[in-house]
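Some notes on the structure that comes next.
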2 protein chains.
Amino acid sequence: MTYGNAFIALADPTRRSVFERLRGGPRAVGDIAEGLPVSRPAVSQHLKVLKEARLVTAYRDGTRQFYAIDTHGLNALRAYLDSFWGGALGAFKTYAERGAPKARARRKGSRR
Amino acid sequence: MTYGNAFIALADPTRRSVFERLRGGPRAVGDIAEGLPVSRPAVSQHLKVLKEARLVTAYRDGTRQFYAIDTHGLNALRAYLDSFWGGALGAFKTYAERGAPKARARRKGSRR
DNA sequence: CATTTCCGTAAGTCATGGCTTACTAATAGC
DNA sequence: GCTATTAGTAAGCCATGACTTACGGAAATG
C-alpha cells in the first residue's frame, strides 16, 4: 500500500512543485524553498511526506540536507496504474468501441 | 494540469476502492456502493470527482448509471510520472553511484 | 397516472492537513 | 567555545473535503 502514500504526497500542488524541483538533480532544502510561495519549514514538512512515500531520498553534506528523487515511489505508482491496463481495458474497450466519446446511441445490447 | 486532479482523485482510499471496483469492467453505482463502508451518495460524490479527473466515464442504461475506467486520466498520470525518468535519473544516478549505501548500480538502460 | 428503482444534489457536521511563527538541533568556521 | 548557517520540530489557526441524512428527478412498470 505504499502507492497510497505516494498518491497523497503528489496530490498537493505545492508538494508537487517541491518534487518537480528535484527533476534536475539533488538540491538542498533552502534551495528548493527559494522561489516557492511558502516558507522553508513548510517545504521541510512536504519533504518529510515525500520521503515517507519513498518519492525522495536524503543525504547530508555539512549543514545542508540534499534531497533527490527516489524511484521506489515512482515505480510503485507505475505498477499500480499499469494494473488497470490488463483486465479493465478489455472490458472498457468493449464499451468504448461501441460508441464512446459523447453521447452516441446507447445500444447496450442487454436491453431487457 | 489534468494529472493534478487525477492525483487528488486517487489520493483518497475510499475513492481508490471505488476506482478499483471498475477494474473488471463497467458497473452501476448501486453495485459499486454495495460492500463499501460508505453510503451510496458518498459513492456518487466520489464518482463525480473521478469523472472530472477523467479517470472514469459514465453512460446510462435505463434507470442505472454505469461507470467505466477512462484511459485519459491514466495516460496523463503515466506521462507525468515518466517525465521524471528523463533528466532526473541521470542526475540521480550520479548521486546513487557516488555512495548510496544500499542502492546497487541501477543500469536501467532504455526505460522511458 | 402512480409507483418503484436508481441515482444525483443540498446542507450541515467534523476531522484532516497545509500553513505560519516561534524555537531547537546539528555542523562549520573563527 | 561562540557565532553563523542550515534544517527539522512544535503549536496553533483555518480552509478543505469526506461523510451523513434528507430530498428531488428521471426512467421503467403496472
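Labels below follow one simple rule: chain letters A, B, ... track the order of the sequence lines, proteins then strands, and each chain is numbered from 1. None of these values were measured; they are calculated from a predicted model.
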Just how far, in rounded Å, is P of D:dG8 from CD of A:E52? 13 Å
Within this structure, what is the CD-to-C1' distance between B:E34 and C:dT5, rounded to whole angstrom? 14 Å
For the pair made of CD in B:Q65 and C1' in C:dT9, what is the distance, rounded to whole Å? 14 Å
Spell out protein contact along nucleotides 17-30 of chain C as letters: B when the base is contacted, S when just the sugar-phosphate is, - when no protein heavy atom is under 4.0 Å; keep the 5' to 3' order. -SBBBB----BS--
Rounded distance in Å - CZ (A:F66) to C1' (D:dT5): 13 Å
Determine the interplanar angle of the A:F7 and A:Y80 rings, folded into 0 to 90°, and report it as parallel if under 30°, tilted if 30 to 60°, perpendicular if over 60°. perpendicular
For B:R64 and C:dC6, what is the distance between atoms CZ and C1' respectively, to the nearest whole Å? 9 Å
In whole angstrom, what separates B:R27's CZ from C:dC6's P? 15 Å
Hey, what bend do you get for the helix from C:dC1-D:dG30 to C:dC30-D:dG1 if you fit axes on five pairs at each end, rounded to 10°? 20°
Can you check side-chain hydrogen bond (donor to acceptor under 3.5 Å, both in side chains) on B:R54 and B:T71, steps first, answer last? CA-CA 8 Å; B:R54 308 199 65 172; B:T71 50; over 6 Å; no
Between B:H46 and B:S17, is a side-chain contact (heavy atoms from CB on, under 4.5 Å) present by the stated rule, with each step listed? CA-CA 10 Å; B:H46 284 309; B:S17 295; over 6 Å; no
A:R21, CZ: over 12 other non-hydrogen atoms inside 6.0 angstrom: yes
Looking at B:R15 and B:L10, would you say the former's side chain and the latter's main chain have a donor-acceptor pair under 3.5 Å? no
Given atom NZ of A:K48 and atom C1' of D:dA7, what is their separation to the nearest angstrom? 13 Å
Indicate if B:L81 and B:I8 have the same hydrophobic cluster label, given that clusters are the connected sets of ILVMFWY residues with side-chain heavy-atom separations under 4.5 angstrom. no
Write down the distance between CD1 (A:I32) and P (D:dT6), rounded to a whole number of angstrom. 14 Å
As a test of reading the structure: which of D:dT6, D:dG8, C:dC6 is closest to the side chain of A:Y67, going by heavy atoms? D:dG8
Of A:N5, A:L22, A:V49, A:L74, which is the lone residue that meets side chain to side chain contact (heavy atoms under 4.5 Å, CB included) with A:L55? A:L74
So A:F84 and B:F19, ring-ring contact (aromatic ring centres under 6.0 Å, His included) or not? Walk me through it. CA-CA 10 Å; A:F84 288 92; B:F19 187 58; 4.6 Å; yes
Polar side-chain atom of A:D31 near backbone of A:R27 as donor-acceptor pair, under 3.5 Å: no
